[in-house]
Number of protein chains: 2
Amino acid sequence: MTDISFKDYESKFKALADEKRLQIMYELTQRGNTCVCDLTDIFEMSQSKLSYHLKILLDAGFITREARGTWSYYEINQEEVSHLLSEELCCIFKSAQEGNNCCEVTNEKEACC
Amino acid sequence: MTDISFKDYESKFKALADEKRLQIMYELTQRGNTCVCDLTDIFEMSQSKLSYHLKILLDAGFITREARGTWSYYEINQEEVSHLLSEELCCIFKSAQEGNNCCEVTNEKEACC
DNA sequence: AAGATAAATCAATTTATTTTGATTTAATTT
DNA sequence: AAATTAAATCAAAATAAATTGATTTATCTT
């Protein structure tokens with residue numbers, strides 16, 4: 001408790017400290033498992049640039065990669081997001097699926113968003 | 001909802017993306033309202049360097065300032081922290097006071113830490 | 001096997017952030 | 001009023017991160 005690894009948190013927050021990377025995370029949250037080639041289209045971003053940002057998110061643990069042939073599919077790592085971010089950010093980076101009850105609009109009341 | 005201001009989140013996460021600033025926030029959480037001169041002693045950091053980092057945290061809204069004569073006292077802005085960060089980070093950046101029930105050790109069970 | 005495609009990596013450049021030491025501003029003390 | 005102190009600001013230098021275009025690796029197609 002006295003010796004918290006702020007260095008670890010630094011690198012995690014650093015990964016989140018970029019508009020493009022946040023947009024990538026949002027897009028992955030919305031679309032689920034997504035191929036790099038689709039992301040280049042969506043963001044009109046060069047392939048190497050996208051790879052660079054995906055690697056940063058991957059290294060920080062916010063997304064996961066699954067290789068299928070020549071394709072790479074990336075997905076949000078819900079657990080890591082939940083560990084770090086508030087429920088109030090749930091609508092942005094937590095999908096409606098995956099066993100969390102954010103972003104659901106029920107009969108009587110709606111959740112955070 | 002479609003047009004989330006990722007730029008705003010970028011700057012907030014950028015402010016958190018530094019080991020020293022996280023340590024400053026932790027210290028402010030522990031000590032409560034604290035003077036700059038005390039912080040220079042604690043962190044063995046030059047005065048201008050500390051001012052620089054405090055300004056970044058202040059601009060991001062994570063801390064507040066109160067001037068008393070030649071002294072400046074800084075304090076954690078619990079609300080901003082809570083809006084952004086998970087309950088699991090409560091032990092680090094949320095004080096036991098201030099009406100949140102994190103970090104309290106009660107008779108039967110203890111909270112997140 | 002040759003050609004095409006997807007994505008990662010690399011090196012060089014550009015851009016942004018941090019550090020440093022000096023200066024400034026303002027309040028307090030003698 | 002002069003000297004001292006606290007803290008913010010500034011400009012220059014140092015360090016770190018992002019962008020670019022080219023290259024590499026691996027898989028897939030013909």
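Lettering of chains follows the sequences in order, A, B, ..., and the numbering in each one begins at 1.
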Between CD of B:Glu10 and P of D:dA17 the distance, given in whole Å, is 14 Å
Classify the nucleic acid contact of B:Ile56 as base, sugar-phosphate or nothing, counting any heavy atom under 4.0 Å across all strands shown. sugar-phosphate
Looking at B:Glu79, I'd like to know if its CD atom is crowded, meaning that more than 12 non-hydrogen atoms belonging to other residues, nucleotides or ligands lie closer than 6.0 Å. no
Without swapping roles, check the side chain of A:Ser86 against the backbone of B:His83 for a donor-acceptor pair under 3.5 Å. yes
Expressed in angstrom and rounded to an integer, what is the separation of B:Met45 atom CE from C:dT19 atom C1'? 11 Å
What does B:Arg21 touch in the nucleic acid at a heavy-atom separation under 4.0 angstrom: a base, only the sugar-phosphate, or nothing? sugar-phosphate
Is a side-chain N or O of B:Thr34 found less than 3.5 angstrom from the main chain of B:Gly32, in a donor-acceptor match? yes
For atom OH of A:Tyr73 and atom P of C:dA6, their distance in whole Å: 11 Å
Residue-phosphate contact under 4.0 Å: B:Arg65 side-chain N/O, D:dA8 OP1/OP2: yes
Could you check whether A:Ser72 gets within reach of a base, just the sugar-phosphate, or nothing at all, counting any heavy atom under 4.0 Å? sugar-phosphate
Map A:Lys14 and A:Ser48 onto DNA chain D by nearest heavy atom, then report which one ends up closer to the 5' terminus. A:Lys14
Between C:dA6 (P) and A:Tyr74 (OH): distance, integer Å: 15 Å
Is any side-chain N or O of B:Thr70 closer than 4.0 Å to OP1 or OP2 of C:dA27? no
Among C:dT20, D:dA17, C:dA8, the one nearest A:Tyr52 by side-chain distance: D:dA17
What's the closest nucleotide to the B:Trp71 side chain, out of C:dT28, D:dA18, C:dA7? C:dT28
In whole Å, I'd like the distance from the CG atom of B:Asp38 to the P atom of D:dT5. 16 Å
Minimal non-hydrogen separation, A:Glu75 against A:Asn33, with atom names: CB-OD1, 3.7 Å
Between D:dA18 atom C1' and A:Leu16 atom CG, what is the distance in whole Å? 17 Å
Might you work through the side-chain contact (heavy atoms from CB on, under 4.5 Å) test for A:Phe13 and A:Leu84, ending with a clear yes or no? CA-CA 9 Å; A:Phe13 288 127; A:Leu84 208 70; 3.8 Å; yes
Between C:dA27 (C1') and B:Glu66 (CD): distance, integer Å: 16 Å
Does OP1 or OP2 of C:dT20 have a side-chain N or O of B:Lys49 closer than 4.0 Å? yes
Phosphate-side-chain proximity, B:His53 and C:dT17, N/O vs OP1/OP2 below 4.0 Å: no
For A:Ala17 and A:Gln47, take the nucleotide of DNA chain D holding the closest heavy atom to each; which residue's nucleotide lies nearer the 5' end? A:Ala17
At under 4.0 Å, does any side-chain N or O of B:Lys20 touch on OP1 or OP2 of C:dT18? no
Measure CG/A:Leu58 against C1'/C:dA7 and give the value in whole Å, please. 13 Å
